[in-house]
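To start, the structure itself, in structure tokens.
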Amino acid sequence: QVQLVESGGGLVQPGGSLRLSCAASGRIFSFNPMAWYRQAPGKQRELVALIRIGGGTNYADSVKGRFTITRDYAKNTLYLQMNSLEPEDTALYYCNYNDFRDYWGQGTQVTVSS
């Protein structure tokens with residue numbers, strides 16, 4: 001069984017920064033990609049950032065240049081560094097792992113407000 005636990009969310013002012021963490025446990029394979037998704041009220045869940053085994057990444061256009069996804073394979077931990085945060089970034093952020101099915105964490109809330 002795969003378990004994902006996100007942390008690091010909170011309330012931050014526009015322009016501020018947060019770093020989200022996702023601790024993964026269970027049957028995790030390094031060759032499978034991991035990703036961060038987010039979902040705001042009334043919106044569909046969207047892909048924010050994805051990291052592949054070779055370190056290649058994909059980002060949503062809205063976060064390019066502001067967010068950075070990294071993965072510590074030794075610790076089985078996924079990170080999302082979020083800089084220059086905007087109110088539009090407010091959402092519940094989820095960690096994702098795919099191995100024949102999608103695994104999700106419980107989510108961590110990020111609220112960007114003055």
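Counting begins at 1 with the first residue of the sequence.
Classification of the Y97-Y103 ring pair by plane angle, with boundaries at 30° and 60°, yields tilted.
Cluster annotation: I28 is connected to L78 through the hydrophobic network of ILVMFWY side chains, with a link wherever side-chain heavy atoms come within less than 4.5 Å. Hydrophobic cluster membership is shared by V112 and F67, with clusters built from Ile, Leu, Val, Met, Phe, Trp and Tyr side chains linked at under 4.5 angstrom. Under the 4.5 Å side-chain heavy-atom criterion for grouping Ile, Leu, Val, Met, Phe, Trp and Tyr, W104 is not connected to I51 through any hydrophobic cluster. In the hydrophobic clustering of ILVMFWY residues, with side-chain heavy atoms under 4.5 Å counting as a link, Y94 and V63 come out apart. Residue V5 is not grouped with residue Y73 when hydrophobic side chains (ILVMFWY) are merged at heavy-atom distances under 4.5 angstrom, including chains of intermediate members.
Relative to the ring axis of F29, R27 does not place its NZ or CZ within 45° and under 6.0 Å from the centre.
Using modelled atom types, one side-chain atom of E6 and one backbone atom of G107 make a donor-acceptor pair closer than 3.5 Å.
Judged by distance alone, the side chains of N98 and N32 never bring a donor and an acceptor atom under 3.5 Å apart.
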For V110 and L20, what are the C-alpha separation, side-chain angles and deciding distance, and is it a side chain to side chain contact (heavy atoms under 4.5 Å, CB included)?
-> CA-CA 9 Å; V110 172; L20 307 184; 4.0 Å; yes
Run the numbers on S17 and N83 for side chain to side chain donor-acceptor pair (under 3.5 Å), then give the verdict.
-> CA-CA 4 Å; S17 298; N83 298 326; 2.9 Å; yes
Given side chain to side chain donor-acceptor pair (under 3.5 Å), test N76 with R71 step by step and report yes or no.
-> CA-CA 7 Å; N76 278 144; R71 184 176 180 179; over 6 Å; no
Distance-only donor-acceptor hits, side chain of residues 34-43, under 3.5 Å, sequence neighbours excluded:
from: W36; atom 1: NE1; to: Y79; atom 2: O; distance (Å): 3.2
from: R38; atom 1: NE; to: E46; atom 2: OE2; distance (Å): 2.8
from: R38; atom 1: NH1; to: D89; atom 2: OD1; distance (Å): 2.9
from: R38; atom 1: NH1; to: Y93; atom 2: OH; distance (Å): 2.9
from: R38; atom 1: NH2; to: E46; atom 2: OE2; distance (Å): 3.3
from: R38; atom 1: NH2; to: S62; atom 2: OG; distance (Å): 3.3
from: Q39; atom 1: NE2; to: K43; atom 2: O; distance (Å): 3.2

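Under the 4.5 Å side-chain criterion, counting only non-hydrogen atoms from C-beta, M82 is not in contact with T68. Considering only heavy atoms from C-beta on, P14 comes within 4.5 Å of P87 through its side chain.
Between Q109 and L92, the shortest heavy-atom distance links the atoms N-CD1, 3.6 Å. Between T77 and S21, the closest heavy-atom pair is CG2-CB, 4.5 Å. Closest non-hydrogen pair, G8 versus L18, comes out as O-CD2, 3.8 Å.
Between the CD atom of Q81 and the OG1 atom of T70 there is a distance of 8.5 Å, given to the nearest 0.5 Å. Here the CD atom belonging to Q13 is positioned 6.5 Å from the OG atom belonging to S114, to the nearest 0.5 angstrom. Atom-to-atom distance recorded for D102:CG and N96:CG is 4.5 Å, nearest 0.5 angstrom. The CZ atom of R19 sits 9.0 Å away from atom OG of S7, with the distance rounded to the nearest 0.5 Å. Put simply, CG on L47 and OH on Y59 are 11.0 Å apart, with the number rounded to the nearest 0.5 Å. To the nearest 0.5 angstrom, L80 atom CG is 10.0 Å from C95 atom SG.
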